[in-house]
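Just so you know, these numbers come straight off a predicted model, no measurement behind them.
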Amino acid sequence: MDCVIYQEQTGECEKIDVGQEDGGCHGALDRLAVLKPDEFAWVRMDAPGEDELQRLGEYLKLHPLAIEDAVQAHQRPKQERYGDVLAVAVKTLWFVEQTADVETGEVMIFLGPSFALTVRHWPRGTAVQRLTLSR
């Protein structure tokens, strides 16, 4: 997990040390709790566990179905609005030159009034498919 706080007036950014204790959530939640009106947080998670995403989702007031979608992945591209939070699911593709494979993944993006949360599933995660191209 990565967490960065951007300050609107100064343009500065503050990288939050989220460590690995408590799934990394504790440091981010502590800082998000004192987020100022002119600050915007971006939290990035790679294939998070359900507990970790649940804790962060509860704090950010994400809808339970949106949290479930982000944990389970395998979503079709879509957008849904839950109150003042926009949830978007997109597929990712990239070419692996060594094997001529195209790998797929998924990113869930949650945009709220003072935060962006991105949840990424890719080959190290559990929700990745592998396609092989013929030469």
Review point. Does some side-chain heavy atom of R120 sit less than 4.5 Å from a side-chain heavy atom of E106?
Key: no

Practice item. Nearest 0.5 Å please: distance from the OG atom of S114 over to the CD1 atom of I5. Key: 9.0 Å

Review point. Any idea which heavy atoms bring A70 and H121 closest together, and the distance?
Key: O-NE2, 2.7 Å

**Study point:** Heavy-atom side-chain proximity of D2 to K15 below 4.5 angstrom
**Key:** yes

Check your understanding: If Ile, Leu, Val, Met, Phe, Trp and Tyr residues are connected whenever their side-chain heavy atoms lie under 4.5 Å apart, and connections chain through other members, are F95 and L93 in the same group?
Key -> yes

Check your understanding: Given the rule that I, L, V, M, F, W and Y join up when any side-chain heavy atoms are under 4.5 Å apart, are V119 and L111 in one cluster?
Key -> no

Practice item. Establish, from distance only, whether the side-chain atoms of E80 and Y82 form a donor-acceptor pair under 3.5 Å. Key: yes

Review point. When you check the gap from the basic side-chain N to the acidic O, do K78 and D69 get nearer than 4.0 Å?
Key: yes

**Study point:** Interatomic distance, L53 atom CG to Q72 atom CD [nearest 0.5 angstrom]
**Key:** 11.0 Å

Review point. Hey, does I16 have a side-chain heavy atom less than 4.5 Å from the side chain of V4?
Key: no

Exercise for review: Report yes or no: does Q54 contribute a side-chain atom to a donor-acceptor pair with the main-chain N or O of I67 at less than 3.5 Å?
Suggested key: no

Review point. If only atom types and distance count, is the side chain of T92 paired as donor or acceptor with the main-chain N or O of G105 below 3.5 Å?
Key: yes

Check your understanding: Between D46 and P48, is any pair of side-chain heavy atoms under 4.5 Å apart?
Key -> no

Practice item. Could you tell me which non-hydrogen atom of P77 sits nearest to which non-hydrogen atom of K91, and how far apart they are? Key: CG-CG, 3.9 Å

Study note, to complete from the structure: Nearest heavy-atom approach of M108 to A66 is CE-O, 4.4 Å

**Study point:** Spatial distance of atom CG (L117) from atom OH (Y59) [nearest 0.5 Å]
**Key:** 13.5 Å

Point to revise | Side chain proximity check, M45 to T118, heavy atoms < 4.5 angstrom | key: no

Practice item. Test side-chain contact (heavy atoms from CB on, under 4.5 Å) on M1 and E52 and set out the steps. Key: CA-CA 10 Å; M1 172 193 294; E52 182 181 22; 3.4 Å; yes

Study note, to complete from the structure: To the nearest 0.5 Å, atom CZ of F110 lies from atom NZ of K61 at 15.5 Å

Point to revise | Neighbour count above 12 (heavy atom, 6.0 Å) for E50 CD | key: no

Practice item. Determine, for R31 against E39, whether the closest basic-nitrogen to carboxylate-oxygen distance falls under 4.0 angstrom. Key: yes

Check your understanding: To the nearest 0.5 Å, how far apart are CZ in F40 and CG in L35?
Key -> 9.5 Å

Review point. At what distance, to the nearest 0.5 angstrom, does CZ of F115 lie from CG of L56?
Key: 8.5 Å

